[in-house]
Amino acid sequence: MEITIRKAEKLKNHPEDAGLGFGTFFTDHMFNMDYNPEKGWHNPRIEPYGPFELDPSTMVLHYGQAIFEGLKAYKTDSGEIQLFRPQDNFKRLNKSGHMLCMPELDEAFVLESLITLLNIEKSWVPGEPGTSLYIRPTIIATDPYIGLRSSNTYRFFIILSPVGAYYPEGFDPIKIWVTTDYVRAVRGGVGQAKTAGNYAASLYATELANKDGYTQVMWLDGVELKYVEEVGSMNIFFIIGDELITPELNRSILSGITRDSVIKLAESWGVTVVERKISIDEIYRAHENGALKEVFGSGTAAVISPVGNIKFNGREITIGDGGVGPFAAKLFDQLMDIQYGKSDDPFNWIMVVSA
Ligand code: COI
């Protein structure tokens, strides 16, 4: 398929790298493509960034049939633009799409489309340390219909946003609030899909956590309310004794690409990584007997986010001295060095898209 390109007549001013924050600025162009059963995916095009006109009955607005991805483009010291494991994001997008009854995308074609878009927008990739161009591929259901079924038509789009740190804390430890009153996902649900509803389901408890002075919620399993699943919008890791432990993928946990990268890096350093169920009680016991050394989250947006405090059942514990642990710091540095092309790429995670 040929990608049509229509350039914006007027280009926007670029924000200062120092004031980027997360997710508020968008570039001049976006990628769009449509699906209907007759033509399949068709009309791939790069156009000026702008609003969609949607009929008020458009299905995504009512039933949340929407999936998305998050990945980043990084600028190296020599000015190259590179991506981190982009094939894995498009693979996961198709997996999410399968769970949400959406038509499959040609992964190679959408990656090629992203690279075409990035080559047009490369001046938007910020250069200050810790900044990047966040990429948000999304699919929404577009039938104008308010009966409940899966849509017959879809829009796929990619938007780009220059970003700095995800949390206002930056790399400083975050405070986590554990709840047994609310869950993010349940066994047999869509927790493993990157779908809008999972994020909507997280909002109410997150507001309660924020009101209590905590940054994010630690989600427990939706069946027994005992086992840790995720934290905020990230996967979670614990260092207990000499082991790095993370909840096993149980179909209600998102299979994070940063999670997988942490596991592979840690194993390559000779660390024992264990993917298993881990209860909140075990974490508190490990804290009591001094075995809990570090806790950190992992995700595309935040990369590695150390956890300084956890509150569960009214009792707050401090992890280590409440500061950034050495293992989280080492992982963060190594991941960033690979992403920004400052170190070797032993796992072939990097794809250079533009010089
Ligand atoms: C990401 O880490 O890329 C995500 O998709 C999380 C989102 C809430 C920013």
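Each ligand, and each atom within it, is numbered from 1 in the order the structure gives. The analysis underlying the following values was restricted to heavy atoms, covering all of them including side chains, and did not include hydrogens, waters or symmetry mates. As the structure is a computational prediction, the values presented were derived from the model and not from experiment.
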Just by distance, do the side chain of D143 and the backbone of M59 share a donor-acceptor pair under 3.5 Å? no
For D28, is there any backbone N or O sitting under 3.5 Å from a side-chain donor or acceptor partner on E121? yes
Specify the protein heavy atom at minimum distance from atom 2 (O) of ligand 1: its residue, its atom name, and the distance to 0.1 Å. A301 N, 2.9 Å
Has K330 got its NZ or CZ under 6.0 Å from the middle of the six-membered ring of W269, at an angle within 45 degrees of the ring axis? yes
Does ligand 1 have an atom under 4.0 Å from some heavy atom of R136? yes
Under 3.5 Å, is there a donor-acceptor pair linking the side chains of S57 and D55? yes
Could you tell me whether Y134 and ligand 1 have an N or O pair separated by under 3.5 Å? yes
Taking the six-membered ring of Y49 as reference, does the cationic atom of K12 (NZ for Lys, CZ for Arg) lie under 6.0 Å from its centre and within 45° of its axis? yes
Over 60° means perpendicular and under 30° means parallel, so tell me whether W41 and F156 are parallel, tilted or perpendicular. perpendicular
Quick test: of every protein heavy atom, which one is nearest to atom 9 (C) of ligand 1, and how far off is it to 0.1 Å? Y166 CE1, 3.7 Å
Mind checking whether K194 has a heavy atom under 4.0 Å from ligand 1? yes
F68 heavy atoms within 4.0 Å reach ligand 1 at atoms 5 (O)
What atoms of ligand 1 come within less than 4.0 Å of a heavy atom belonging to S233? 6 (C), 8 (C)
